[in-house]
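Notes to accompany the following structure.
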Amino acid sequence: MYATAQHGVIPKISFDWSEKMPKTPVTVVGLGSMGSALAGAFLAAGHPTTVWNRTASKADPLVARGAILAATADDAVRASPLTIACLTTYEDTRAALEAASLTGRALVTLNSGSPAEARRMAGWAKDRGARYLDGAIKNVPSAVGAPDTLLYYGGDKAVFDEHRETLRVLGGDTVHLGEDTDLAALYETAVGGTLLPALVGFFQGAAALRSRGLEASTLLPYATKWFEMIISVLPTLTKEIDSGDYSDPASSVDIFHAGAAADLGLAEEGVDVAWQLPMHDLVRRAVEAGHGDRSISVLTELLSVGAAGSSTTAKRP
């Protein structure tokens with residue numbers, strides 16, 4: 001586009017002012033593989049980055065890239081309006097920040113733990129005057145900073161809104177789940193519960209193939225298709241669960257119950273299948289409760305505890 005001036009036509013120049021604005025200083029506490037990836041992403045995006053770790057030498061590669069190593073956790077927190085704590089547990093986070101002055105500071109935790117632990121952490125942070133946001137990273141360190149990397153948060157919406165663009169540096173798919181501070185931990189444990197059973201199932205298959213002298217890599221194309229199929233049926237299963245109507249099954253409890261013998265028969269190939277026994281017991285209990293002809297998603301009712309989710313609440317047509 002052009003604008004007319006007194007001496008003729010000159011180009012109209014526009015500026016991306018967001019690129020000219022100074023970046024928010026950030027502190028990262030905890031420099032394991034994930035914490036180091038977080039600090040590296042902030043540095044790459046041009047944020048002044050202060051770091052602290054109990055073992056100071058872990059900061060050396062980041063300092064070489066321009067990070068500032070704080071002498072204490074308190075110095076680290078004071079250096080920035082936003083502190084990201086990425087340690088293994090909430091207990092580790094509290095221990096690391098016990099002597100830090102948190103009053104008025106925005107504190108974001110990105111560690112593992114239960115919803116109850118997240119609530120306790122929120123109370124601890126509030127007692128120390130922090131503005132608190134609890135989060136979870138749903139990917140591996142190498143994916144930090146990618147446009148499709150998912151991070152979700154629960155807690156103080158004002159903190160999320162204020163630092164939204166800074167937090168998006170860590171992953172383009174950045175979501176605030178709600179004001180409840182335990183929501184990220186709740187979704188983290190809800191989603192994470194699928195990981196170990198899925199991996200152990202894959203490892204069992206790999207063990208079975210190796211018992212025949214076959215390479216685990218030959219399982220990949222078929223396992224990938226299988227996981228894609230599972231993904232494709234999740235919308236139907238969640239609809240059944242939310243409605244409480246399990247009467248029109250694509251796969252019934254009886255089908256899974258009948259398949260248990262074949263699953264356990266893999267033991268004859270030299271594979272330990274004992275890890276499956278609790279799952280088969282859950283299916284057996286569903287049959288005994290009269291759910292054999294219903295969708296396998298009815299197992300949700302057996303896994304729920306309390307009046308809101310007892311196995312007797314499932315609707316029948």
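From a predicted model like this one, the values you see are computed outputs, not experimental measurements.
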Legend entry - Evaluation steps, salt bridge (charged side-chain N to carboxylate O under 4.0 Å, His left out), between Glu91 and Arg94: CA-CA 5 Å; Glu91 184 178 0; Arg94 289 192 294 271; 5.7 Å; no
Legend entry - Test ring pair (Phe, Tyr, Trp, His ring centres under 6.0 Å) applied to Tyr153 and His176, step by step: CA-CA 5 Å; Tyr153 301 88; His176 186 262; 8.0 Å; no
Legend entry - Distance in Å, Asn53 CG paired with Leu69 CG, rounded so as to fall on 0.5 Å steps: 9.0 Å
Legend entry - Salt bridge flag under 4.0 Å for residues Arg128 and Glu98: yes
Inset, instruction - Kindly indicate whether the side chain of Thr27, heavy atoms from C-beta on, has any atom under 4.5 Å from the side chain of Val51. - result: no
Legend entry - For Ala216 against Ala206, the heavy-atom pair lying closest together: CB-CB, 3.9 Å
Legend entry - Pairing of Glu288 and Arg285 as salt bridge, 4.0 angstrom limit: no
Inset, instruction - Taking atom types as modelled, find out whether Thr72 and Asp75 have a side-chain donor-acceptor pair closer than 3.5 angstrom. - result: yes
Inset, instruction - Step through the shown structure and confirm whether more than 12 heavy atoms of other residues, nucleotides or ligands are within 6.0 Å of CH2 on Trp226. - result: no
Legend entry - Worked verdict on Asp92 versus Thr89 for side-chain hydrogen bond (donor to acceptor under 3.5 Å, both in side chains): CA-CA 5 Å; Asp92 293 334; Thr89 66; 3.1 Å; yes
Inset, instruction - Under the ring pair (Phe, Tyr, Trp, His ring centres under 6.0 Å) rule, collect the residues that match up with His47, sequence neighbours excluded. - result: Phe42
Legend entry - Beyond-backbone contact of Leu151 with Thr149, side-chain heavy atoms, under 4.5 angstrom: yes
Inset, instruction - Look at atom CZ of Phe202 and say whether more than 12 heavy atoms of other residues, nucleotides or ligands are closer to it than 6.0 Å. - result: yes
Legend entry - Step-by-step side-chain contact (heavy atoms from CB on, under 4.5 Å) determination, Leu31 to Leu62: CA-CA 10 Å; Leu31 299 177; Leu62 295 165; 3.7 Å; yes
Legend entry - Non-hydrogen atoms of Arg294 and Val298 that approach each other most closely: NH1-CG2, 4.4 Å
Inset, instruction - First locate atom OG1 of Thr181, then atom CG of Asp134, and finally report the distance between them rounded to the nearest 0.5 Å. - result: 7.0 Å
Inset, instruction - Could you tell me whether Lys239 atom NZ has more than 12 heavy atoms of other residues or ligands within 6.0 Å of it? - result: no
Inset, instruction - Taking the side chain as every heavy atom from C-beta outward, state whether Leu107 and Tyr132 have any atom pair closer than 4.5 Å. - result: yes
Inset, instruction - Measure across Trp52 and Ala96 and return the closest heavy-atom pair with its distance rounded to 0.1 Å. - result: CZ3-CB, 4.1 Å
Legend entry - Shortest non-hydrogen contact from Asp182 toward Ala118: CA-CB, 4.0 Å
Inset, instruction - Decide whether Ser295 and Glu240 meet the rule of one side-chain donor and one side-chain acceptor closer than 3.5 Å. - result: yes
Legend entry - Closest non-hydrogen atom pair, Leu266 against Val273: CB-CG1, 4.1 Å
Legend entry - Side-chain touch Ser101/Val77, heavy atoms, less than 4.5 angstrom: no
Legend entry - Test item: Leu150 and Val175 side chains (from C-beta on) under 4.5 Å apart, heavy atoms: yes
Legend entry - Test side-chain contact (heavy atoms from CB on, under 4.5 Å) applied to Ile84 and Thr109, step by step: CA-CA 6 Å; Ile84 310 290; Thr109 54; over 6 Å; no
Inset, instruction - Answer whether the closest heavy-atom distance between the side chains of Asp173 and Asp148 falls below 4.5 Å. - result: no
Legend entry - CG on Asp74 to CG on Leu102, rounded to 0.5 Å: 8.5 Å
Inset, instruction - Mind listing the closest non-hydrogen atom pair of Ala106 and His163 along with its distance? - result: CB-NE2, 3.9 Å
Legend entry - Nearest-0.5 Å distance that lies between atom OG1 in Thr50 and atom CD1 in Ile68: 4.5 Å
Inset, instruction - Give, for atom OG of Ser297 and atom CD1 of Ile241, the distance between the pair rounded to the nearest 0.5 Å. - result: 5.0 Å
Inset, instruction - Measure the spacing between CG of Asn111 and CD of Glu188 and express it to the nearest 0.5 Å. - result: 9.5 Å
Inset, instruction - Look only at the side chain of Thr55 and the backbone of Ser57, and say whether a donor-acceptor pair between them is shorter than 3.5 Å. - result: no
